[in-house]
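The structure appears below as structure tokens.
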Amino acid sequence: MAESKKYKLTYFDMPARAEPHRLAFWIGKIDFEDERVEFKDWPKLKPTTPFGSLPLLTLPDGDIGNQGRAMARFIGKKTGLYPDDAVQAMHVDEILDTCEDLQSA
């Protein structure tokens with residue numbers, strides 16, 4: 001039987017910006033490929049990425065996401081970790097945005 005396609009998360013071999021995505025996949029029990037990029041390989045890979053940045057989320061159909069918070073919400077929706085209720089979703093977004101602010105500070 002052929003292996004079914006799965007999500008692929010691409011980031012450096014460190015936690016940082018991709019760790020919430022990895023954790024959401026693990027908590028949600030969704031199988032994914034955790035592609036770790038070595039820093040020495042980044043200069044060659046960078047021009048092939050949207051916006052020249054990581055992390056990347058490659059969907060099973062080949063579509064690529066490249067913005068961390070959008071990817072976090074997407075994975076959260078797929079895993080059931082992101083609420084359907086608009087007010088609850090707003091509060092989750094506040095936490096995600098605060099984490100982003102703290103990482104960028």
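When a residue number appears, it is its place in the shown sequence, counting from 1. Note: hydrogens, waters and symmetry copies are ignored here, and every other heavy atom, side chains too, is used. Note that the structure is predicted; figures quoted are calculated from it, not measured.
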Note to self: Once side-chain hydrogen bond (donor to acceptor under 3.5 Å, both in side chains) is applied, do any residues pair with Glu94, and if so which ones, sequence neighbours excluded?
What the structure shows: His91
Margin query: Tell me every residue that passes side chain to side chain contact (heavy atoms under 4.5 Å, CB included) with Pro15, counting only those two or more places apart in sequence or in another chain.
Written below: Glu19
Next item on the list: Considering non-hydrogen atoms only, spot the tightest contact between Leu9 and Ala18 and give its length.
Entry: CD2-O, 3.9 Å
Notebook entry, point to check: Which other residues belong to the hydrophobic cluster containing Phe12, where Ile, Leu, Val, Met, Phe, Trp and Tyr are joined when side-chain heavy atoms lie under 4.5 Å apart, directly or via other members?
Noted result: Tyr11, Met14, Val37, Phe39, Trp42, Leu45, Leu54, Leu56, Ile64
Next item on the list: Identify the heavy atoms of Pro83 and Ala89 that sit nearest to each other, and give their distance.
Entry: CG-N, 3.5 Å
Check: With sequence neighbours excluded, what pairs up with Asp34 under the salt bridge (charged side-chain N to carboxylate O under 4.0 Å, His left out) test?
Finding: Arg22, Arg36
Check: Can you name the side chain to side chain contact (heavy atoms under 4.5 Å, CB included) partners of Asp101, sequence neighbours left out?
Finding: none
Next item on the list: With sequence neighbours excluded, give me every side-chain hydrogen bond (donor to acceptor under 3.5 Å, both in side chains) pair touching residues 23-33.
Entry: Lys6-Asp31
Check: Which pairs, with at least one residue in residues 72-84 and sequence neighbours excluded, count as a side-chain hydrogen bond (donor to acceptor under 3.5 Å, both in side chains)?
Finding: Tyr82-Asp93
Check: What residues join Ile95 in its hydrophobic cluster, counting side-chain heavy atom gaps under 4.5 Å, either direct or through other members?
Finding: none
Notebook entry, point to check: Just by modelled atom types, is the Ile75 backbone N or O under 3.5 Å from a matching donor or acceptor in the His21 side chain?
Noted result: no
Next item on the list: Using the test side-chain hydrogen bond (donor to acceptor under 3.5 Å, both in side chains), find all partners of Glu35 that sit at least two apart in sequence or belong to another chain.
Entry: Thr10
Notebook entry, point to check: Do Leu23 and Phe74 belong together in a cluster built from hydrophobic side chains that touch within less than 4.5 Å?
Noted result: yes
Notebook entry, point to check: For Phe25, what residues pass the ring-ring contact (aromatic ring centres under 6.0 Å, His included) criterion, not counting sequence neighbours?
Noted result: Tyr7, Phe32
Item checked: Sequence-distant partners of Ser53, side chain to side chain contact (heavy atoms under 4.5 Å, CB included), two or more places apart -> Phe51, Asn66
Checklist line | Pair listing, salt bridge (Lys or Arg N to Asp or Glu O under 4.0 Å) test, anchored in residues 48-69, at least two apart | finding: Arg69-Asp97
